Trainee: 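Here's a structure for you.
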Amino acid sequence: MKTIKGIKRLKTALKDARAQGKSVGFVPTMGYLHEGHLSLVKASLKKTDCTVVSVFVNPTQFGPKEDFKKYPRDLERDSQLLENLGVDFLFCPDPVEMYPADFKTYVEVEELQDVWEGRSRPGHFRGVSTVVLKLFNIVQPDVAFFGQKDAQQAILLKKMVDDLNLSVRIEVLPTVREEDGLALSSRNVYLTPEQRKAATCLSRSLDEATQMIRSGERRSALIMDQMREVIEGEDLAKLDYIAVVDMDSLEAVNEIKRGVLIALAVFFGNIRLIDNIMISEEE
Ligand code: PAF
């Protein structure tokens with residue numbers, strides 16, 4: 001595995017790979033890798049000839065009161081994990097090269113960026129779409145891999161790719177979970193043992209919603225009430241939002257008629273966790 005910091009150096013290395021007829025797979029990450037990230041890396045290794053993983057804690061997607069400074073970082077461990085899997089390139093750009101002092105251009109995916117996660121984290125998706133477009137321009141991948149856990153991010157990035165006629169294909173892979181259902185997240189390390197125990201309420205509330213839908217319930221309000229009850233059953237949990245929404249427009253649906261996304265965000269102290277499920281038309 002080659003570790004590259006410079007944008008120009010990575011571009012040159014990938015030009016060589018492409019000249020040899022290799023397809024390029026890309027997994028953008030903010031590091032502190034867990035099995036969720038590694039499942040994306042494994043998919044890229046399987047489906048493409050040359051896999052690039054970026055590790056970059058992107059400052060523009062954190063709000064002023066968010067955890068940019070204390071976001072967990074361990075590049076040495078990340079690098080070892082990626083090397084063991086057989087990744088071709090690890091790209092860890094310098095923040096100053098990514099965002100020089102005179103940086104002025106941002107990407108906004110209107111409407112999709114302002115709801116749910118966007119409402120709770122103003123400016124977050126502007127930072128995500130900007131850095132992802134920059135990374136796509138640098139790597140020029142054939143396929144890029146994202147996790148279903150960040151469902152709104154994946155929907156918004158697909159829209160950006162469509163709207164801006166990018167040639168990358170986006171693949172979204174299932175959320176990887178702990179045995180008790182908690183979705184893997186780099187932020188799980190912040191949880192105290194008590195909060196960690198309570199944090200299963202996110203997946204429990206989603207299981208409850210799935211059961212209700214399978215039993216024929218179609219009214220979103222009743223499903224959300226039941227989910228809320230599960231979250232409120234945990235003293236350490238504070239609900240941010242529950243959303244039952246259309247998978248493309250992210251608009252709330254009152255009655256489930258076709259595939260929907262059910263998503264939620266819950267605080268444990270200052271730690272905010274998200275989770276979601278997709279309900280297909282057949283369920
Ligand atoms: O999902 C993430 O880890 C980040 O939002 C991403 C896509 C790497 C952009 O910084």
Side-chain angles (χ1 to χ4, degrees), residues 7 10 25-41 43-44 51-63 66-75 77-79 81-82 87 89-99 103 105-109 112-113 116-118 120-141 143-161 164 166 168-176 183-190 263 265 271-276:
I7 294 174
L10 183 73
F26 178 43
V27 183
T29 81
M30 297 208 298
Y32 213 72
L33 304 177
H34 52 64
E35 283 300 325
H37 299 111
L38 300 186
S39 73
L40 306 180
V41 175
S44 177
T51 291
V52 184
V53 178
S54 63
V55 170
F56 180 63
V57 185
N58 172 37
T60 62
Q61 69 188 74
F62 290 80
E66 290 185 358
D67 55 348
F68 171 66
K69 283 224 170 92
K70 73 181 233 304
Y71 194 82
R73 292 161 169 91
D74 190 344
L75 190 57
R77 181 176 159 276
D78 290 346
S79 167
L81 288 168
L82 297 171
V87 164
F89 295 103
L90 165 58
F91 179 47
C92 355
D94 187 326
V96 178
E97 200 186 1
M98 287 295 273
Y99 296 110
F103 188 85
T105 308
Y106 290 87
V107 184
E108 304 214 10
V109 183
L112 295 183
Q113 71 176 3
W116 312 115
E117 281 300 289
S120 295
R121 305 184 65 188
H124 169 67
F125 285 121
R126 178 185 190 249
V128 170
S129 26
T130 301
V131 80
V132 171
L133 181 60
K134 280 172 72 67
L135 291 166
F136 282 175
N137 282 334
I138 295 165
V139 177
Q140 296 188 21
V143 197
F145 298 84
F146 292 89
Q148 171 62 33
K149 196 188 129 257
D150 294 298
Q152 186 171 354
Q153 169 172 281
I155 290 166
L156 179 134
L157 292 175
K158 278 186 176 169
K159 186 77 182 119
M160 176 183 84
V161 164
L164 298 183
L166 307 184
V168 60
R169 181 163 58 80
I170 290 196
E171 277 207 21
V172 183
L173 298 183
T175 302
V176 178
L184 296 193
S185 160
S186 303
R187 290 189 169 97
N188 290 351
V189 292
Y190 300 146
I271 308 151
R272 188 168 170 283
L273 300 183
I274 58 172
D275 201 351
N276 68 80

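Values in this document were obtained by computation on a predicted structure and should not be read as measured data. Because only heavy atoms are used, hydrogens play no part in the values below, and waters and symmetry mates are left out as well, while side chains stay in. Both ligands and their constituent atoms are indexed starting at 1 by order of listing.
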Trainee: Give the numbers and elements of all ligand 1 atoms closer than 4.0 Å to a heavy atom of Val131.
Mentor: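 Listed by number with element, the hits are 9 (C), 10 (O).
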Trainee: With sequence neighbours excluded, what pairs up with Lys159 under the salt bridge (charged side-chain N to carboxylate O under 4.0 Å, His left out) test?
Mentor: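 Asp163.
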Trainee: Tell me whether Thr29 has any N or O atom under 3.5 angstrom from an N or O of ligand 1.
Mentor: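 It does not: no N or O of Thr29 is found under 3.5 Å from an N or O of ligand 1.
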Trainee: Using the salt bridge (Lys or Arg N to Asp or Glu O under 4.0 Å) rule, pick out the option among Asp275, Asp67, Asp150 that qualifies with Arg187.
Mentor: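 Result for salt bridge (Lys or Arg N to Asp or Glu O under 4.0 Å) with Arg187: Asp67.
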Trainee: Backbone or side chain, does any N or O of Gln61 fall under 3.5 Å from an N or O of ligand 1?
Mentor: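 In this structure, Gln61 places an N or O atom under 3.5 Å from an N or O of ligand 1.
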Trainee: Looking at Gln153, which atoms of ligand 1 are within less than 4.0 Å of one of its heavy atoms?
Mentor: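 Within the 4.0 Å cut-off of Gln153, ligand 1 contributes 1 (O), 2 (C), 4 (C), 5 (O), 7 (C).
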Trainee: Could you walk me through whether Tyr71 and Tyr32 pass the ring-ring contact (aromatic ring centres under 6.0 Å, His included) check?
Mentor: CA-CA 9 Å; Tyr71 194 82; Tyr32 213 72; 7.8 Å; no
Trainee: For Val176, give me all partners under side chain to side chain contact (heavy atoms under 4.5 Å, CB included), at least two apart in sequence or on another chain.
Mentor: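 With neighbours one apart ignored, the set is Glu35, Ser39, Leu184.
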Trainee: Starting from atom 3 (O) of ligand 1, find the nearest protein heavy-atom neighbour and note its residue, name and distance.
Mentor: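 Sorting protein heavy atoms by distance from atom 3 (O) of ligand 1 puts Met30 CG, 3.7 Å first.
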Trainee: Looking at Glu97 and Lys134, does any basic side-chain N land under 4.0 Å from a carboxylate oxygen?
Mentor: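 Looking at Lys134 together with Glu97, the answer is no, because their closest N to O distance does not fall below 4.0 Å.
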